[in-house]
Each structure stands twice: as structure tokens, then as C-alpha cells.
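I'd like to ask you about the structure that follows.
So you know, we letter chains A, B, ... as the sequences are listed, proteins then strands, and number each from 1.
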Amino acid sequence: MVVESQRERQPRAAETVIEARGLTVGFGDTLIHQNLDLDVYRGEILGIVGGSGTGKSVLLRTLIGLVKPRAGSIRMFGTEMATAGPAEAAAVQTRWGVLFQQGALFSSLNVQQNVEAPMREHLDLEPELRGELARLKLSMVGLQPDAANKMPSELSGGMIKRVALARAIALDPDLLFLDEPTSGLDPIGAADFDNLIAKLQETLGLTVFMVTHDLDSLFSICSRVAAIGNKKILVAGDLETVVAYDDPWIKAYFGGQRGRSAQLAHG
Amino acid sequence: MARPEKQETSSSVTASSEGGTGRLVLAGTWTVETCQARSDELGSALQGLNGAGAVEVDLAGIGRFDTAGAWLVHRTAARLKEAGREVRLRDLSENQRILLEEVGENAPGAPQPPRQRSFGRELVEGTGETVISSYRDVRELVVLLGQTTLIGFGLMRHPGQARYTSLIFHLEQIGLRAVPIVVLISLLIGGIIEQQGVYQLRGFGAEIYSVDLAGILILRELGVLLTSIMVAGRTGSAITAEIGSMKMREEIDAMRTLALSPTAVLIMPRLTALMISLPLLTFVSNMACLVGAGLTAWVYIDLPPQSFISHLRTAIDLNTFLVGMIKAPFMAVAIGFIACREGLAVEGSAESLGARTTASVVKAIFTVIVLDGFFAMFFSAMDI
């Protein structure tokens with residue numbers, strides 16, 4: 001049994017958590033993705049990069065089911081999402097947490113109630129235990145106990161992100177979707193947040209799918225990077241592979257002043 | 001919808017005591033889905049744990065384990081230690097150790113009690129807060145009134161600075177687009193007034209005077225009141241929601257930093273559009289009401305339109321019409337100020353936006369009716 005519980009957390013080589021095949025997504029006349037393939041493996045932190053308007057956030061929203069693809073299939077934890085019944089889909093949905101770019105906290109609930117919200121919906125917990133778990137999650141994302149009773153409108157940008165992260169991990173998910181987690185944070189706050197994500201990923205054994213613009217995040221915590229462009233994944237692999245890939249945008253992105261200094265800083 | 005819970009055949013917690021030394025054997029799934037059941041089982045198992053010696057907790061049988069399970073183990077250990085017993089965790093896997101450490105570092109204390117006040121204090125403080133906030137409300141309204149008056153005079157001297165595009169847009173939104181609903185409702189109300197008048201006056205054989213009743217009532221009071229209430233509901237709420245969501249998204253602050261006055265940019269065009277639209281809508285409403293009354297008279301007492309009009313002309317004079325119309329711009333100012341003021345008072349949450357929009361409509365309708373009462377008293381005192 002010990003072996004089983006360890007296997008739960010240890011990344012096994014090439015076990016796919018998300019398997020997207022032939023995704024085609026478009027709005028009206030514009031095609032965002034065409035025939036896009038992507039694999040996300042258990043236990044990795046996958047960073048998605050790409051120019052503005054290449055559909056990074058759309059890809060995330062497609063994977064979590066907010067945008068319906070025109071064609072293609074998405075398998076999450078081995079479940080085909082397009083054909084899954086409501087119960088099956090809900091069972092898969094509770095296995096992932098999402099951190100939206102603006103936090104998307106419920107503005108009429110206080111911080112602790114925000115974190116409790118998913119537990120209240122999906123589980124039958126006594127209020128006391130639910131509150132303890134919520135405050136545990138808040139402490140894990142580095143918030144002080146007195147933050148629990150605050151309203152979202154009283155929080156700073158960094159705190160909003162932390163509360164949103166606490167809500168995303170409220171159900172102890174296996175998979176975490178992050179949409180630009182460090183955007184809008186100062187460099188120190190961003191580095192803290194990166195470390196927090198890496199630490200949670202390690203302790204909770206998470207798989208992380210992260211859309212980002214932040215070169216520092218890419219270099220410091222991502223174990224694999226996928227670059228989007230031309231309506232598909234240009235290249236996916238470890239950072240060296242992606243940096244070495246021959247594409248004007250990737251060259252400009254990693255070869256620019258900021259890209260070079262980030263590479264230097266993280267060796 | 002709950003995640004399917006794994007059925008546990010045997011109990012996941014076994015407690016035994018041996019010569020003062022307790023032993024807890026944990027097994028099964030200890031995750032967030034099952035933690036309530038595990039918590040209950042732990043609670044009853046602890047009761048059976050006699051003695052005062054050390055307690056050994058055996059985690060070897062645990063299958064799936066997450067932070068919720070780790071929290072339960074940590075909480076149990078903490079409670080046992082509090083009771084003066086030594087706790088030894090045995091057969092920890094690496095993963096369990098990491099989780100328990102993480103949870104131990106972040107163990108939450110007792111919940112911070114939300115600010116609670118005794119009933120007496122609540123009463124006194126609540127009253128005080130309401131008084132202060134009402135005072136602020138009034139002061140803000142006066143400030144707004146002063147600002148708009150200043151800007152209004154400024155615009156009179158330099159008409160070129162007025163925001164005509166915005167004004168035309170709001171005239172369309174507030175005035176033109178409200179015409180269908182105002183006409184429809186006024187037509188129906190006019191008909192209902194006439195029909196009731198006919199029924200009540202029939203007892204005296206004075207059906208024909210229902211025309212006087214409807215004509216005077218509609219032109220003096222009903223047309224303007226009906227229109228104002230509809231505009232307060234339709235436009236007042238829209239203005240509050242628009243300005244409120246702009247406030248929420250810091251657009252108002254952005255305007256201030258660009259040296260644009262929100263009063264000039266947002267409030268003036270809306271207020272001016274309201275002051276132009278409301279009298280026009282009132283006129284439209286008056287006419288629609290009269291048409292409704294005329295049609296009803298035709299159907300119920302066979303009074304042809306020509307006779308209705310000629311009788312109406314004897315019943316009313318120009319003053320009757322003007323008394324109604326003169327009130328419209330005042331109603332417009334009241335609705336506009338309340339709507340804008342409530343919009344600017346919106347705070348960060350969606351709830352606050354909803355509360356302010358509701359308050360805007362309720363206050364506007366109340367004010368409109370009170371104003372109408374004052375006008376009625378004034379005109380009767382003046383004998384108009």
C-alpha cells in the first residue's frame with residue numbers, strides 16, 4: 001500500500017494527463033488553432049509561450065471546457081471530454097483547479113468563503129472542518145490568518161492571486177491551470193509566486209499547465225515549454241530545444257535583451 | 001455534484017490500548033472527498049483510546065493521501081499532545097512525510113472571529129452610521145448639484161465645449177428608445193382611468209364627466225408621474241449600473257488623472273439628456289393617455305372622438321397642461337442626480353453594484369412622488 005501511495009505522487013515517465021489531438025478552434029471568421037496537438041505529462045510544469053493574440057489563453061479555456069473546439073479531441077486523465085456524460089465530466093473537473101488571470105474571486109464572498117466555495121459545492125463537509133481546510137490552504141499560499149475575513153475588493157493584486165491559487169487547490173487537484181500567474185506582480189512578488197507554485201507542485205505532486213509571458217518563470221520553474229504560433233504548437237520540449245528552434249518569433253523572444261538576461265540569471 | 005466516493009468496506013481507523021500505550025492504525029483513502037467520514041471515525045476511535053501513555057499512529061495502511069488527510073492526522077496528533085500524551089508517527093512514506101510537514105507548518109489557528117457587536121452597541125453604532133452616511137449622501141448630492149451648476153453656466157458661456165455626441169447618444173437611449181414602452185403603458189392606464197370613471201359616475205348618471213376626470217387627472221398628475229416612474233426604473237438603473245461598473249473598473253479614477261472631470265464627461269450629458277427627454281416623454285405620455293381614455297369612452301359610453309375632444313376642451317385649459325409639464329424637468333434632475341450619485345458610490349463588489357442600482361431606483365421613485373406631492377400642495381395654495 002505504501003508503494004501505491006508513493007506511486008500516486010511520483011512522476012512516471014510519459015504518463016499523459018492531457019492529450020489534445022487535432023484541435024481546431026475559431027471565432028467567427030478567424031481561426032485561432034488549426035489541427036493543434038499537445039500532450040501534458042504527469043508531474044511536470046508546462047509553460048506555454050507565444051506572441052500576443054496567438055491563442056494561449058484560448059487554448060487554456062478550450063482545455064478546461066469554456067470554449068468549444070470545432071474539431072479535435074481532448075482527453076483528460078484518459079476521459080474523452082467531448083463525449084463524457086455530465087457526471088463523468090464533473091468527476092474530471094474536480095481533479096483540476098484553475099487560476100484566472102484576474103483572479104476571478106467571487107466579489108461578494110470573503111477570502112475564506114471564496115476558498116470554501118468549491119468544497120461547499122462538491123463535498124459534504126462540516127463547517128468546522130471546511131473552515132480549517134480553507135485556512136490551511138490560505139496559509140499554504142502564504143497569507144496571514146487575518147486575511148481570511150477580508151473582502152476581495154480590500155486585497156492587493158498579489159494577495160488576490162494568492163487567494164485565487166488557494167481556491168484553485170482547495171480540492172487538492174491533480175492538475176493546475178494557471179493563466180499568466182505572475183502578470184501584474186512586481187519582480188519580487190513574481191519570483192515569490194513562482195517559488196510558491198514550484199513548492200506546491202512538489203509537495204502536492206501537481207501537474208501544472210501555465211500560460212505565461214514571464215521569462216523568469218519559464219527559466220526558473222518550468223520543466224517543459226511549448227511555443228504557440230502559426231495556429232499550432234511550434235515546438236514543445238525542454239527549454240534548450242525551444243530556444244534553439246528556428247522561428248523568427250522564438251528567436252526574438254529569447255534572443256532579446258530581456259530573454260538574454262533571464263537566461264543569464266538562471267544559468 | 002460530488003465525486004464518487006470510494007466505498008470502504010472496513011473501518012479506516014482502528015484504536016487499541018495496551019498497558020497505557022495506545023495504538024491507532026489508519027487505513028484506506030484519506031483525501032478531501034473522504035475526510036469528513038475519516039474525521040468522524042477518528043473522533044469515535046479516540047474515545048476508545050484509554051490510558052495516558054504514548055500513542056503510536058500507524059500510517060502504513062493508508063492508500064491515497066492528500067493535504068486534507070494530512071490535516072486530520074496532524075490535528076489528531078495535536079489534540080493528543082494537548083491531552084499530555086506522546087505521539088509517535090510510524091511507517092511514514094516520503095510523500096506522507098512531506099505533506100505532514102507542510103501541513104504542520106501551516107496549521108491554521110482558531111478562526112478569527114468576525115467583528116461582532118452586542119445588540120445595544122449595534123443599535124447605537126448602527127444609528128450613528130446611518131445618520132453619518134445620510135449626511136454624506138446629502139452633502140455629496142449638494143456638491144454634485146454645485147458642480148453641475150458651475151459646469152452648466154460654463155457651457156452656457158462656451159457652448160462649443162458641450163459634449164454633443166454624447167448628448168445625442170443619451171437622448172436616443174433615454175428619450176427615443178423609451179417612447180414605445182411609455183406609449184403602451186400610458187395608453188393602457190388612460191383607458192383604465194376612463195373606464196373606472198365611467199363605472200363610478202354612472203350611478204349619478206354623470207358618465208360624461210369621466211372625460212373631465214380623466215383629462216384633468218392625466219394632464220396635471222398622471223402623465224408626468226407615470227413617465228417619471230418609468231424613466232426612473234428604466235434609465236435611472238441604467239445610469240447607476242453604467243457609472244458604477246466604470247467606478248469598479250477604475251475608469252473614473254483614470255478620467256480624473258487625465259484631468260477629465262467625471263461630472264463634465266459622464267454626468268452632464270446624461271443629466272441634460274434627461275432634462276430634455278423627460279418633458280418630451282411626458283408630452284407623449286399625456287397624449288397616449290388621452291387617446292386611451294378617448295377610445296375607452298367611445299367603447300363604453302358611445303362617445304365619438306369629436307365629442308370627446310370638444311368636451312375635453314371645456315374641461316381643461318392651458319394651465320392644466322402646463323402644471324403637469326412644468327414638473328417634468330424637476331423630476332428629471334431628481335432622477336439624474338440620484339442615479340449618478342448612487343453610481344459613483346459603488347464599491348468593489350458585484351453585490352455593491354446591485355445594492356446601489358436598487359437604491360437608485362427606489363430613491364428616485366420615492367423622490368419623484370414626494371416632489372409631485374409638494375407641487376400639488378404648491379399649486380393648490382397658489383390656486384392654479
Notebook entry, point to check: If you count the non-hydrogen atoms of other residues, nucleotides and ligands that lie under 6.0 Å from CD in Gln113(A), is the total more than 12?
Noted result: yes
Notebook entry, point to check: When rounded to the nearest 0.5 angstrom, what is the spacing between CG in Leu133(A) and CD in Gln36(B)?
Noted result: 9.5 Å
Note to self: For chain B, which candidate among Glu132(A), Gln112(A), Met151(A) shows the most heavy-atom pairs at distances under 4.5 Å?
What the structure shows: Glu132(A)
Check: How about Ile188(A): does its CD1 atom have over 12 heavy atoms from other parts shown lying under 6.0 Å from it?
Finding: no
Margin query: Let me confirm one number: the CG-CZ distance from Asp172(A) to Phe65(B), rounded to the nearest 0.5 Å.
Written below: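 Result: 10.5 Å between the selected atoms.
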Notebook entry, point to check: Do Leu136(A) and Val103(B) have side chains that get closer than 4.5 Å, going by heavy atoms?
Noted result: yes
Check: Side chain, backbone, both or neither: which part of Glu128(A) has a heavy atom under 4.5 Å from chain B?
Finding: side chain
Margin query: With ring pair (Phe, Tyr, Trp, His ring centres under 6.0 Å) as the rule and sequence neighbours excluded, what pairs involving residues 150-171 of chain A come up?
Written below: none
Check: So do Ser107(A) and Leu353(B) actually touch side chain to side chain, heavy atoms under 4.5 Å?
Finding: no
Next item on the list: Count the heavy atoms belonging to other residues, nucleotides or ligands that lie under 6.0 Å from CZ of Arg97(B), then report whether that count exceeds 12.
Entry: yes
Item checked: Per-residue contact mode, Ala170(A) against chain B (heavy atom under 4.5 angstrom) -> backbone
Check: Could you walk me through whether Ile169(A) and Thr67(B) pass the side chain to side chain contact (heavy atoms under 4.5 Å, CB included) check?
Finding: CA-CA 10 Å; Ile169(A) 60 168; Thr67(B) 49; over 6 Å; no
Note to self: Going by ring pair (Phe, Tyr, Trp, His ring centres under 6.0 Å), name the pairs with one or both residues in residues 173-196 of chain A, residues two or more places apart or in two chains.
What the structure shows: Trp96(A)-Phe177(A), Phe177(A)-Phe209(A)
Notebook entry, point to check: Does atom CD of Glu140(B) have more than 12 heavy-atom neighbours, drawn from other residues, nucleotides or ligands, at distances under 6.0 Å?
Noted result: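 It does: Glu140(B) CD has more than 12 such atoms within range.
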Note to self: Nearest 0.5 Å, please: how far is CH2 in Trp71(B) from CZ in Arg135(A)?
What the structure shows: 7.5 Å
Notebook entry, point to check: Would you say the side chain of Glu33(B) lies within less than 4.5 Å of the side chain of Leu171(A), judging by non-hydrogen atoms?
Noted result: no
